[in-house]
Amino acid sequence: MTKQNKYTDSIRKHLRCFLCAPFFMVLEASGEFILPYLNADMIDRGVAVGNTAYIVRNGLLMFVTALAMLIFGVLGAYFAVKGSSHLAAEVRAKTFRQIQKFSFANIDEFSTGSLITRITNDITQIQNFAQTLLRGCFRSPVMLVGAVCMSFLLNPRLAAVICVVIPILGLATALLIRTASPRYTQMQKKLDGLNNQINETITNERVIKSFVREENEKEKFSAVNQVLMEKSISALKMMILMQPVSTLAINVTTLAVVWIAGRQIMIGGMEIGTLTAFITYLTQILTALNFLANIFLQGTRAAASNRRISEVLETCPDLTDESAAQKDRQITGGGIEFQNVSFTYSKKKDPVLKDISLKIAPGSFVGLVGSTGSGKTSLISLIPRLYDVSAGAVLVDGTDVRELSLTKLRESVAVVLQKNTLFSGSIAENLRWGNAQADPEELRRACRIAHAEEFIRRFPEGYDTDLEQGGTNLSGGQRQRLCIARALLKHPKILILDDSTSAVDMATDAGIRRALEKELPGMTKIIIAQRIGSVIEADQIIVMNEGRIEDAGTHEELIRRCSTYQEIYYSQRDEENAAV
Ligand code: UTP
Ligand code: MG
């Protein structure tokens, strides 16, 4: 995505706002330099000579001008707010869509907190800048040029003073901007840190409370908050400096003008009304300059934010199916093959899977065992392409998964992850993640197979029972069973259960497996289990060790020849005997 079309689509769509805002603001500005002229005229030709009719006529004209200015000002501000809000909303939507395409690796690269900052605060900076720009981009230059012309028209000698102030103010602004720019980038980075901290703390509130780590989290938060505050002060004081600098300029110039004009008035070369008008123009010139400087300062800040948004939009999602050759292919069988697969989570780390070759027949039941950290979860993550292989290939139905449509692949492969999650909403709503159209009978059937029906029935509201975020008002085993049912509703060709019955009792665990075999015989099933008992009847048991397949075979074969398998099996049997 190029830098231009990030905003141009939206500007084109809301062109009316983007044209009307500056137009009305310019109209408002025109009034600003007509008013002092009328005022000066009223003082010199009306008040000074006691011409009441002139005063009334000019007064009325001034009132109408002021009223028109008010209307134009309101209209200009309205279109500026509308245009900039639409612009921000559309860029936010674009950024969100892009983040949705990101792989886990892409998200890790930015960090969740940073993505949150970019999609909220950074876009708000752009919105504020767009609004200021729409209001001031023509108004301020028009006011500046208009007021300079009018002051030259009134008194060219006095106007020369202005030519001295303008470059001084310009130079001061340039210096401030140069210092402020890197500080804004720093400030946004610290905001990323703060959001990361908030995200981690709030998501893990239960664990924090159970370990009584609130104080520790408070300290961690205070530290990042303090750093952000310091960086904000350092960046924003540049903006704050702008105000006193321009006020000083206004005051010094006014003093110089009054000094020069005073002498001219004394010798009769100038009228009081002209001086009043002149000072008003002077104030307008400096206000316009101040506004322009503000636009530049806000622009510097928005530029820093714009770079951060561009980084997100220009990052190529490293896991797409855009160039997949067989997008229309449906998965019908459910056979899986790993061909010399190696995999690493990041280029800097050692591979967690090394040269894996493996064949799984359609409709078979495969067990996956191995010590913790041996690479079981990593292995199965490659089948629905949650990650891509680093070397080799994973084939489903004989086709490389990278050649298939991601949607079709993931629709056919249901994974119940070790770290499973439910969402806020009712049980039925959660189950329908698996299949939005599922009727109540289908929900009940999936829950029967997953042995979830009996506990759902015990809830007074049954399938309409509301779950809290993450399903925290359910027990671990209940959550696991709902997750299995949710996966079954997808009618997958391949079902992967990653330690998904670790929290249910052995009898229920066996019941779920029997139901799966009986009700869904054609579905390929891969079950990762800590308990050998869970996979003992599998057609093939794969034993993993330190990222490699140590052996594969049936229980009878492995118990005869695989030492790691024997070790796991006998240690578990001894434990069970000891427990009895
Ligand atoms: P796995 O998560 O594949 O191991 O991590 P496992 O066999 O499933 O382990 P258990 O039984 O669930 O505990 C394999 C290796 O990959 C690394 C881990 O450090 C581990 O050594 N890993 C895992 C990462 O580097 N990044 C991850 O996101 C996950
Ligand atoms: Mg695991």
Side-chain angles (χ1 to χ4, degrees), residues 102-115 196 199-200 203-204 207 317-319 336 338 340-358 360 366-392 394 401 413-421 476-477 479-480 483-484 487 494-504 506 509 525-536 538 540-552 558 562-565 567-569 571-572 575:
F102 276 3
S103 69
F104 296 130
N106 286 136
I107 292 174
D108 289 346
E109 205 178 303
F110 282 102
S111 86
T112 314
S114 177
L115 288 173
N196 267 328
N199 185 30
E200 189 175 77
T203 322
N204 301 310
V207 185
D318 61 12
L319 214 153
I336 304 162
F338 280 69
N340 306 98
V341 168
S342 293
F343 171 64
T344 165
Y345 279 98
S346 91
K347 288 183 189 80
K348 285 167 244 146
K349 288 191 191 160
D350 289 337
V352 294
L353 295 177
K354 296 155 209 154
D355 199 25
I356 303 263
S357 290
L358 168 73
I360 296 172
V366 175
L368 197 53
V369 295
S371 57
T372 170
S374 56
K376 304 181 294 293
T377 301
S378 311
L379 182 91
I380 55 97
S381 302
L382 302 178
I383 303 170
R385 259 191 104 192
L386 298 181
Y387 293 95
D388 265 338
V389 295
S390 311
V394 176
V401 285
V413 182
V415 189
V416 179
L417 290 169
Q418 205 166 8
K419 254 173 81 178
N420 55 45
T421 320
R479 219 163 34 228
Q480 285 186 332
C483 288
I484 297 176
I494 300 168
L495 174 73
I496 303 171
L497 303 182
D498 187 353
D499 221 359
S500 310
T501 49
S502 56
V504 301
M506 276 202 245
D509 180 19
K525 293 167 276 293
I526 303 179
I527 295 184
I528 300 181
Q530 301 294 343
R531 290 195 292 251
I532 295 275
S534 304
V535 294
I536 207 159
Q540 184 183 202
I541 302 169
I542 297 158
V543 184
M544 291 210 56
N545 192 12
E546 292 181 8
R548 291 182 195 279
I549 294 183
E550 188 168 309
D551 207 342
L558 291 175
C562 177
S563 57
T564 312
Y565 188 79
E567 216 172 278
I568 307 173
Y569 178 70
S571 67
Q572 287 185 357
E575 264 175 41

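Note that ligands are numbered from 1 as they come in the structure, with each ligand's atoms numbered from 1 the same way. Bear in mind the structure is a predicted one, so any value in this text is a computation, not a measurement.
- Side chain of Q572 to backbone of Q530: a donor-acceptor contact under 3.5 angstrom is found.
- Relative ring orientation between F102 and F110 is described as parallel, the plane-to-plane angle staying below 30° on a 0-90° scale split at 30° and 60°.
- Using a 4.0 Å cut-off between heavy atoms, T377 contacts ligand 1 through both its backbone and its side chain.
- Taking every heavy atom of K349 and a limit of under 4.0 angstrom, the matching atoms of ligand 1 come to 25 (O).
- Here S378 fails the criterion, with no N, O or S atom under 2.8 Å of the Mg ion (ligand 2).
- Geometrically, ligand 1 and V352 share no nitrogen or oxygen pair separated by less than 3.5 Å.
- Look at Q418 and the Mg ion (ligand 2): an N/O/S atom of the residue is under 2.8 Å from the metal.
- Y569 and Y565 have parallel rings, their planes meeting at less than 30° on a 0 to 90° scale where 60° marks the start of perpendicular.
- By the definition of a contact as any protein heavy atom under 4.0 Å away, atom 22 (N) of ligand 1 is in contact.
- If you check each of Q530, E546, K376 against atom 7 (O) of ligand 1, the one with the closest non-hydrogen atom is K376.
- Backbone and side-chain nitrogen or oxygen atoms of Y345 are examined, and none is located within less than 3.5 angstrom of a nitrogen or oxygen of ligand 1.
- At least one donor-acceptor pair under 3.5 Å links the side chain of S342 to the backbone N or O of D355.
- Between the side chains of Y345 and S378, a donor-acceptor pair is found at a separation under 3.5 Å.
- Protein heavy atom at the shortest distance from atom 1 (P) of ligand 1 is S378 OG, 3.5 Å.
- In summary, D499 and K376 do not engage in a salt bridge, as defined by a charged side-chain N under 4.0 Å from a carboxylate O.
- Residue contacts with ligand 1: G370 is placed with no nitrogen or oxygen under 3.5 Å of a nitrogen or oxygen of the ligand (distance criterion only).
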